[in-house]
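We number each residue from 1, following the sequence as shown. All values below come from the heavy atoms of this structure, side chains included, with hydrogens, waters and symmetry mates left out. Here the structure is a predicted model, which means the values were calculated and not measured.
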Amino acid sequence: MNLLAFLIPAAHAHAQAAGGQPQGFTMTTLLFPVILIAIMYFLMIRPQMKRQKEHKAMLEKIKRGDEVLTNGGIAGVVTDIGDNFVTLEVADNVRIRVQKGAVGNVLPAGTLKSAV
């Protein structure tokens, strides 16, 4: 047997003999998970929801002629906007359709012309 197996029953018996209440459900038992969930909400869930809200607002403001960068790294000018897809002109007479959600950033006007 290990040392821990000897100490735990002895400590439990000592607490019972001293007239202490048996360890049961206490408020601190419930308080720890509540605090843990609150910390996770403020550090992980809330910032993610805020980013999703900002991304959705950015997608709603896209208009023809905007220069955008997709999540895959493709830069182009918006030529057509549908409900779910956006058509980008990535070179002269080269157009591709990407999902609206794949648009990562709207670039400042003139960024693509200065990159050539």
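- Listed by chain and residue number, nothing satisfies the side chain to side chain contact (heavy atoms under 4.5 Å, CB included) test with Ala109 (two or more places apart in sequence, or in another chain).
- The salt bridge (Lys or Arg N to Asp or Glu O under 4.0 Å) analysis of residues 87-111, with sequence neighbours excluded, yields the pairs Glu89-Arg95.
- What you find for Leu112 and Ala75 is that their closest heavy atoms are CD2-CB, 3.5 Å.
- Applying the side chain to side chain donor-acceptor pair (under 3.5 Å) test to every pair with at least one member in residues 66-77, sequence neighbours left out, gives these pairs: Lys63-Asp66.
- Residues passing the side chain to side chain contact (heavy atoms under 4.5 Å, CB included) test with Ile96 are Ile74, Leu88, Val90, Val98, sequence neighbours excluded.
- Here the options are His55, Glu60, Lys61, the test is side chain to side chain contact (heavy atoms under 4.5 Å, CB included), and the partner is Met58; only His55 passes.
- Both Val78 and Val103 are part of a single hydrophobic cluster, where members link through side-chain heavy atoms under 4.5 Å apart.
- Residues Val77 and Val86 do not share a hydrophobic cluster, clusters being chains of Ile/Leu/Val/Met/Phe/Trp/Tyr side chains in contact below 4.5 Å.
- Judged by distance alone, with hydrogens and angles left aside, the side-chain atoms of Arg64 form a donor-acceptor pair with the main-chain N or O of Thr79 at under 3.5 Å.
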Show me, pair by pair, the donor-acceptor contacts under 3.5 angstrom made by side chains of residues 34-51, not counting sequence neighbours?
from, atom 1, to, atom 2, distance (Å)
Gln48, OE1, Arg51, NH2, 2.9

